[in-house]
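First comes the structure, then the notes that go with it.
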Amino acid sequence: MIGEIGGLAEEAAAEFVKQHVKKPVVGFIAGQTAPPGRRMGHAGAIISGGQGTAAHKIEAMARDHVVVSPAEIGATLARVIGKS
């Protein structure tokens, strides 16, 4: 799962995964280095009430395998499913 700061879609997806998905999920949240409290360039990056931050999304995805760079997705997925 690849997401970004702002909105609540990734938190909702993480909850769905916890309840319904048996296979491992690897995730990446873009915008982890965005300065707190700063409005980013598009509506999807608006953070409100402490929700929608990279940290909150990563916490919601804690059961899953969250990477800090998209370059790590392939290797992490291979490790998780036992292919490395």
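Side chains are part of it too, since the values below use all heavy atoms of this structure and drop only hydrogens, waters and symmetry mates.
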Do Ile2 and Pro70 have side-chain heavy atoms sitting under 4.5 Å apart?
->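 The answer is no, as the side chains (C-beta and beyond) never meet within the 4.5 Å cut-off.
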Counting N and O atoms only, with roles assigned by atom type, does the side chain of Lys57 sit under 3.5 Å from a partner on the main chain of Gly6, one being a donor and the other an acceptor?
->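 At least one qualifying donor-acceptor pair exists.
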Among Val80, Leu77, Val25, find the residue that satisfies the side chain to side chain contact (heavy atoms under 4.5 Å, CB included) test when tested with His65.
->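 When Val80, Leu77, Val25 are each tested with His65, the side chain to side chain contact (heavy atoms under 4.5 Å, CB included) holds only for Val80.
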Over all atoms of both residues, closest heavy-atom pair of [X] and [Y]:
{"X": "Ala14", "Y": "Ala60", "result": "CB-O, 3.4 Å"}
{"X": "Met1", "Y": "Ala13", "result": "SD-CB, 3.5 Å"}
{"X": "Met61", "Y": "Ile29", "result": "SD-CD1, 3.9 Å"}
{"X": "Glu11", "Y": "His56", "result": "OE2-ND1, 2.8 Å"}
{"X": "Pro24", "Y": "Ile81", "result": "CG-CG2, 3.9 Å"}

Residues in side chain to side chain contact (heavy atoms under 4.5 Å, CB included) contact with Val67, at least two apart in sequence or another chain |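 Once residues adjacent in sequence are excluded, the partners of Val67 under the side chain to side chain contact (heavy atoms under 4.5 Å, CB included) criterion are Val26, Phe28, Glu72, Ile73, Thr76.
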